[in-house]
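A quick write-up on the structure given underneath.
Here is how names work: the chains are called A, B, and so on, in the same order as the sequence lines, proteins then strands, and each is numbered from 1.
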There are 2 protein chains.
Amino acid sequence: MADLPGKVHGKVKASRYRDIAAKLQKDIRLGTYAVGNLLPTETELMASYTASRQTVREALRILIDQGLIIRRAGLGSVVIAAEPPVLFTHSVKSLGEWLRYSNETYRDVTGSRDIVADKKLAAMLKCEPGKSWFLIEAVRRSDQFAAPLGWTEIYVLRKFAGVVKRSDHGRTPVHEQVAKMYGQTTEYAQMEIFVRGMPAPIAKQLGVKAGSPALTVVRRYYGLREELFEVTITTHPEGRYTYTMDMQRSLRPRL
Amino acid sequence: MADLPGKVHGKVKASRYRDIAAKLQKDIRLGTYAVGNLLPTETELMASYTASRQTVREALRILIDQGLIIRRAGLGSVVIAAEPPVLFTHSVKSLGEWLRYSNETYRDVTGSRDIVADKKLAAMLKCEPGKSWFLIEAVRRSDQFAAPLGWTEIYVLRKFAGVVKRSDHGRTPVHEQVAKMYGQTTEYAQMEIFVRGMPAPIAKQLGVKAGSPALTVVRRYYGLREELFEVTITTHPEGRYTYTMDMQRSLRPRL
DNA sequence: TGACGGACTTTGTCCGTATAAATTGGGCAA
DNA sequence: TTGCCCAATTTATACGGACAAAGTCCGTCA
């Protein structure tokens with residue numbers, strides 16, 4: 001959607017359907033067609049603009065791409081926004097890329113076991129207390145540095161426990177392994193970043209002082225029907241990890 | 001682009017053009033049409049699929065929307081990717097929404113002054129040492145709680161210093177004020193989150209212990225030609241701030 | 001060699017038409 | 001009243017055709 005025809009040096013070439021789209025956009029922005037209401041039907045637009053159905057539909061397609069309307073057979077064109085809504089976007093190819101660990105990092109698994117969420121863990125994972133999980137604990141390390149980057153706790157549904165046996169287990173994001181082995185896809189994900197004093201058990205593993213500044217990142221992965229199937233909690237000591245995100249103004253290609 | 005026709009309960013309805021699109025996608029993924037090469041022309045596709053030009057073009061439009069091809073009059077359909085590139089997106093309406101402060105928070109400005117970036121500050125801002133900035137310092141507070149949420153340092157170019165005089169200064173993101181007053185728009189932005197021990201001067205302002213865990217968020221705003229025009233640094237004590245981000249699998253509407 | 005021009009190819013735009021599918025609303029029956 | 005089916009409306013899909021605009025290719029000419 002980046003570089004479609006109709007653009008010349010940033011300017012938009014004139015054409016029948018673009019003119020119609022521009023007029024409709026204006027009418028939507030000015031409230032002639034309010035949000036929630038219907039646009040005129042294709043037949044009406046054909047009459048009022050003296051254009052063919054093809055041309056009218058091409059114009060309406062622009063409004064769809066801009067997120068201004070949705071269209072339904074039997075219903076019509078519903079105005080859902082007065083302005084193109086999205087201005088800035090941040091995109092990632094996969095949720096693995098989301099975490100900006102480079103390829104030189106890996107998980108050094110220290111152990112794994114079944115665990116039942118008590119009230120405190122349930123709050124952290126955002127699941128019901130009493131839910132069963134399979135826990136994988138690991139130290140995140142880098143090829144470059146001797147000091148560990150952080151401590152990782154990975155909670156997956158018990159039925160996915162088999163991922164620990166994979167040969168690429170330490171270097172591939174677990175949610176990708178789950179997808180490959182069990183076909184569980186991630187439909188929705190959530191991340192939380194906050195600061196806390198380093199918990200004593202983790203401090204011991206990482207060789208830092210308990211209570212020292214620690215950055216904790218919680219990632220929750222949801223499948224179909226909002227089912228939470230994996231949560232990872234990583235905790236980093238001061239100076240070992242920075243989360244970075246870039247955002248770009250999204251250019252709307254057509255018109 | 002969320003909910004176009006052709007989808008029923010997540011499944012895709014069969015239709016001529018979707019079949020053609022699916023076949024072409026497969027051929028692209030398998031390398032029959034390699035990246036950089038051309039797809040068959042519309043006329044050729046009409047012949048090989050026994051479909052009208054309209055139908056073929058509808059199929060190709062799907063590939064365009066998926067970012068697999070670009071089309072040019074006189075050239076053809078160039079394959080630019082073997083797989084739909086973007087899988088997960090996080091979108092925000094404005095960069096103000098980016099920072100998840102609700103409307104109940106505001107900046108309590110404690111002072112402002114000119115400042116020249118020394119080596120240390122330049123590294124933090126990612127600018128050249130010696131660059132001049134206008135610094136606004138403020139405590140971020142909430143209507144709900146007595147304790148301050150954090151400490152904010154806002155660095156803007158000196159020519160934008162006038163924003164402090166605005167009546168809405170404390171409740172509107174500064175980059176929006178700059179946009180309104182001076183027409184400076186944000187084309188690109190970057191965020192960094194890391195943990196550090198609370199610096200003594202800030203600790204004093206916030207009434208917490210120096211060296212206690214602190215979450216620092218740096219936001220850099222760039223205009224046209226990569227010009228850095230604003231940087232904000234906010235520092236939060238433990239328990240006062242959590243950064244949250246939601247990501248949704250981007251559903252490609254057609255097909 | 002390099003610039004220019006024209007023929008050719010390919011997509012862009014626009015028109016006409018027909019049938020299918022989805023949605024709504026009203027009438028009818030339980 | 002409630003629920004179901006039918007008819008009307010509206011968009012979705014698909015066919016046909018025509019000319020314009022943009023890019024490529026190649027031969028000609030300086």
Report the residues that fulfil side chain to side chain donor-acceptor pair (under 3.5 Å) with [X], sequence neighbours left out, ordered by chain and then residue number.
X	result
Thr172(B)	Asp168(B)
Lys131(B)	none
Gln177(A)	His169(A)

Counting side-chain heavy atoms from CB outward, which of dT13(D), dT13(C), dC14(C) is closest to Arg57(B)?
dT13(C)
Report the nucleotide, chosen from dA14(D), dT13(C), dT13(D), that has the shortest atom-to-atom distance to any side-chain atom of Arg16(B).
dA14(D)
Could you pull out all residues at least two apart from [X] that satisfy ring-ring contact (aromatic ring centres under 6.0 Å, His included)?
X	result
Phe229(A)	none
Phe160(A)	Tyr182(A)
Tyr222(B)	Tyr188(B)

Name the atoms and distances for all side-chain donor-acceptor pairs under 3.5 Å in residues 29-41 of chain B, with sequence neighbours left out.
from: Thr41(B); atom 1: OG1; to: Glu44(B); atom 2: N; distance (Å): 3.2

Just checking, is any N or O donor in the side chain of Glu187(A) or Thr185(A) under 3.5 Å from an acceptor N or O on the other one?
yes
Between N or O atoms, less than 3.5 Å apart, protein on one side and nucleotides 7-10 of chain C on the other: list the pairs.
from: dT10(C); atom 1: O2; to: Gly74(B); atom 2: N; distance (Å): 2.7

Side-chain N or O of Tyr17(A) versus OP1/OP2 of dT13(C): is the shortest distance under 4.0 Å?
yes
Tabulate atom names and distances for all N/O pairs under 3.5 angstrom spanning the protein and nucleotides 16-18 of chain D.
from: dA18(D); atom 1: N6; to: Arg53(B); atom 2: NH1; distance (Å): 3.1

